[in-house]
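Heavy-atom basis, side chains included; hydrogens, waters and symmetry copies ignored.
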Amino acid sequence: MVLNDCTVCAVYGPDGETQQRVPVSCSGEQIILLPGAEHELSDSAKVRIDFFDSQMGYIQTNCQIAVRKNDDPAIKSAWVADCSILEVLQIREMRRFVRVGLGKEVVMTLSGKGEFEAVIQNISEGGIFFVSTTRAQWGDIVSFSYCFIEQEYRLEAKVLREEELLNGRYGYGCEFQELPIGAGRDIRQFVYLREQGRIL
């Protein structure tokens with residue numbers, strides 16, 4: 001399998017539950033994981049890895065990895081892990097919903113870090129992409145309040161993708177968690193009206 005635009009993955013532990021976020025370097029069919037230290041990853045004949053590809057979506061796989069000392073000066077990591085995808089378990093298309101630009105400032109809450117300011121760049125029925133100087137991690141849940149049509153909703157979204165931007169800012173692609181009753185309908189209506197240019 002060729003990943004189109006993947007810079008990060010989640011590597012599952014032997015218990016199948018715990019995860020660690022690991023940077024990824026892809027070139028054609030070659031997939032290299034970039035652990036921060038020698039013992040962060042270990043050789044494994046079969047390990048669950050979820051890749052986050054901005055074009056393909058959320059790809060759940062079983063992989064084989066082999067850790068070695070890095071000999072490529074173009075890669076900054078001292079240790080790398082060659083990764084071969086053995087089996088694709090599921091692909092969840094992250095862009096199956098129509099997205100519209102938003103550019104609205106909101107106050108978000110992140111568990112353990114309290115409140116922080118963010119700008120929601122775009123939104124769809126499936127989730128949001130926001131930008132902030134506050135650092136989040138894959139799997140974090142952010143919450144915020146927003147009024148789409150008439151009613152304000154308290155929404156929660158899970159961080160699935162991170163982009164490092166300029167000037168100490170980070171962008172996060174998030175998937176909505178269970179939406180409150182009526183929120184999905186109002187978001188769909190909001191997206192439709194905004195796409196038509198009928199609301200700003």
**Q.** Nearest-0.5 Å distance that lies between atom CD1 in Ile85 and atom CD1 in Ile65
**A.** 12.5 Å
Q) Hey, is Arg48 close enough to Asp50 for a salt bridge, meaning N to O under 4.0 Å? A) yes
(Q) How about CD on Glu117, more than 12 heavy atoms from neighbouring residues, nucleotides or ligands closer than 6.0 Å, or not? (A) no
Q: Looking only at non-hydrogen atoms, find the nearest pair between Gly173 and Phe129 and report the distance.
A: N-CD1, 3.6 Å
Q.
Nearest 0.5 Å, please: how far is NZ in Lys104 from CD1 in Ile120?
A. 10.5 Å
(Q) Do Val47 and Leu3 sit in one hydrophobic cluster, given that two such residues count as connected whenever their side-chain heavy atoms are within less than 4.5 Å of each other, even indirectly? (A) yes
Q: Look at atom CD of Glu152 and say whether more than 12 heavy atoms of other residues, nucleotides or ligands are closer to it than 6.0 Å.
A: yes
Q: Tell me, yes or no, whether the heavy-atom count around Ile181 atom CD1, taken from other residues, nucleotides or ligands under 6.0 Å, exceeds 12.
A: no
Q | Beyond-backbone contact of Glu156 with Phe176, side-chain heavy atoms, under 4.5 angstrom | A | no
(Q) Donor-acceptor check, side chain of Arg194 to backbone of Val191, threshold 3.5 angstrom: yes or no? (A) no
Q) Same cluster or not: are Phe148 and Leu193 linked, directly or through other Ile, Leu, Val, Met, Phe, Trp or Tyr residues, by side-chain heavy atoms under 4.5 angstrom apart? A) yes
Q | Salt bridge Lys158-Glu175, side-chain N to carboxylate O under 4.0 Å | A | no
Q) Is Ile123 linked to Val106 within one hydrophobic cluster, defined over Ile, Leu, Val, Met, Phe, Trp and Tyr using a side-chain heavy-atom separation of less than 4.5 Å? A) yes
Q) Are Leu33 and Val67 connected in the hydrophobic side-chain network, where two residues link if heavy atoms are under 4.5 Å apart? A) yes
Q.
Using 0.5 Å steps for rounding, measure from the CH2 atom of Trp138 to the CZ atom of Phe52.
A. 4.5 Å
Q | Atom CD of Gln90: over 12 foreign heavy atoms under 6.0 Å | A | yes
(Q) Counting only heavy atoms from other residues, nucleotides and ligands, does the tally under 6.0 Å from CD of Gln189 exceed 12? (A) yes
Q | Point-to-point distance, once rounded to the nearest 0.5 Å, from OG of Ser84 to NZ of Lys46 | A | 14.5 Å
Q: Give me the ring orientation class for Phe190 and Tyr146: parallel if the planes are under 30° apart, tilted from 30 to 60°, perpendicular past 60°.
A: perpendicular
Q: Give, for atom CD of Gln64 and atom CD1 of Ile49, the distance between the pair rounded to the nearest 0.5 Å.
A: 10.5 Å
